[in-house]
Amino acid sequence: MKSFTLLNSVSFSGIGLHSGLHANVTINPSPHNSGIIFKRVDKNVVIPAKWDHVISTKFSTNIGKNEIEVKTVEHLLSALAGLHINNCEILIDNCEVPILDGSSKIFVESILRAGLKEQSLSQNILEIKRPVRFECNYGFAEFIPNELSQEGLNIDLESSFEGKYKDQTIEVKNLNGNYIDSIAQARTFGFFHEIEYMKSQNLIKGGSLENAIVIKDKKPLNKEGLRYENELMRHKVLDVVGDLYLSGYPIIGTYRGFKTGHFITNNLLKELFKSEDNYSIHQIN
Ligand SMILES: [Zn+2]
């Protein structure tokens, strides 16, 4: 697969889900081998979109350098992963990526309107070679090598919403090519009583029914309903795709998890990179 960047720059603006602060974001094309980087233009600090720059995974995935951070990078990175963009520069003038509608739909549509540019050299991919697992007291995630060599990233998730919503599983085979239709529109979600508590603690300052599904008594409060019957699970896949892109590569392998979130996925990447025997980095046609 060739490397991709954007044909033209694209801009977004809006408030952050957690900070409530307004930010302007511009994504610029960049040359082969530059990777994906965030630049806080108000602080003149460059932060690579890499797993080892993650400074917090509480409620969102936040990267940082020298005390300067960019919060909630996962939905934008998910869009870039879904579109196979591996080189671009993301300029941002505040501390949090806008939540927009709570999914990656607007990122995907705007980038597609700006156009993708195929670059002359191939991009590296990371292929899982050995099982790798991370578990904590409430859940786990693991990578397993794919049995079929032609498959890309497979994702199998099992939820447990502890009575707040019906438990579901989701199995996505070979995500490449499926992302735009089946994943990108799935919005972030929360449970009414937990949201009330978080708001009282001065968290999720930007959250509203405009940018999140709110579940009360096992049903969405949003009057338009759900975009997919299993939208919550699809959003979990969207988050996994974004968090895994912090590996710096598209991944060939199977990700399986129970009650996964930003903390578990980031720790799985840390386990993965502990041994070079766990993976190989190469190019595919
Ligand atoms: Zn999310």
Engineer: Which residue in the set T26, I27, L91 passes side-chain contact (heavy atoms from CB on, under 4.5 Å) when paired with S9?
Structural biologist: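 Only one of T26, I27, L91 forms a side-chain contact (heavy atoms from CB on, under 4.5 Å) with S9, namely T26.
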
Engineer: Does F189 have its ring centroid less than 6.0 Å away from the ring centroid of Y165?
Structural biologist: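 Between Y165 and F189, which both carry aromatic rings, the centre distance is not below 6.0 Å.
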
Engineer: Taking all heavy atoms of N87 and all of T5, pick out the closest pair and write down the distance.
Structural biologist: O-OG1, 2.6 Å

Engineer: Hey, is E162 close enough to K259 for a salt bridge, meaning N to O under 4.0 Å?
Structural biologist: yes

Engineer: Going by heavy atoms in the side chains, are L269 and L244 under 4.5 Å from each other?
Structural biologist: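 Yes - at least one pair of side-chain heavy atoms lies under 4.5 Å apart.
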
Engineer: Between I37 and L76, is there a shared hydrophobic cluster once you connect ILVMFWY residues whose side-chain heavy atoms come closer than 4.5 Å?
Structural biologist: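 No, no single cluster joins them.
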
Engineer: Donor-acceptor check, side chain of R40 to backbone of N94, threshold 3.5 angstrom: yes or no?
Structural biologist: yes

Engineer: Side chain of S200, backbone of Y197: donor and acceptor closer than 3.5 Å?
Structural biologist: yes

Engineer: Ring centres under 6.0 Å, that's the criterion: do F140 and F134 meet it?
Structural biologist: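 No, they do not, as the ring centres are separated by 6.0 Å or more.
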
Engineer: Can you confirm if the NZ or CZ of R133 lies within 45° of the ring axis of F143 and under 6.0 Å from the centre of its six-membered ring?
Structural biologist: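 The answer is no; the distance or angle limit is not met.
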
Engineer: Between D101 and R227, does any NZ, NE, NH1 or NH2 come within less than 4.0 Å of an OD or OE carboxylate oxygen?
Structural biologist: yes

Engineer: Look at atom CD of E210 and say whether more than 12 heavy atoms of other residues, nucleotides or ligands are closer to it than 6.0 Å.
Structural biologist: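 No, not enclosed.
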
Engineer: Measure across G257 and T260 and return the closest heavy-atom pair with its distance rounded to 0.1 Å.
Structural biologist: CA-CG2, 3.5 Å

Engineer: Is E118 salt-bridged to K2, cutoff N-O under 4.0 Å?
Structural biologist: no

Engineer: Please say yes or no: joined through hydrophobic side-chain contacts below 4.5 Å, possibly via intermediate residues, are Y249 and L80 part of one cluster?
Structural biologist: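 Linked, Y249 and L80 end up in one cluster.
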
Engineer: Looking only at non-hydrogen atoms, find the nearest pair between H18 and E96 and report the distance.
Structural biologist: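 The answer is N-OE2, 3.1 Å.
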
Engineer: Taking only Lys NZ, Arg NE, NH1 and NH2, and the carboxylate oxygens of Asp or Glu, determine whether R256 and E158 approach each other closer than 4.0 Å.
Structural biologist: no

Engineer: Suppose we call two aromatic rings close when their centres sit under 6.0 Å apart. Are F191 and F161 close by that rule?
Structural biologist: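 Between F161 and F191, which both carry aromatic rings, the centre distance is below 6.0 Å.
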
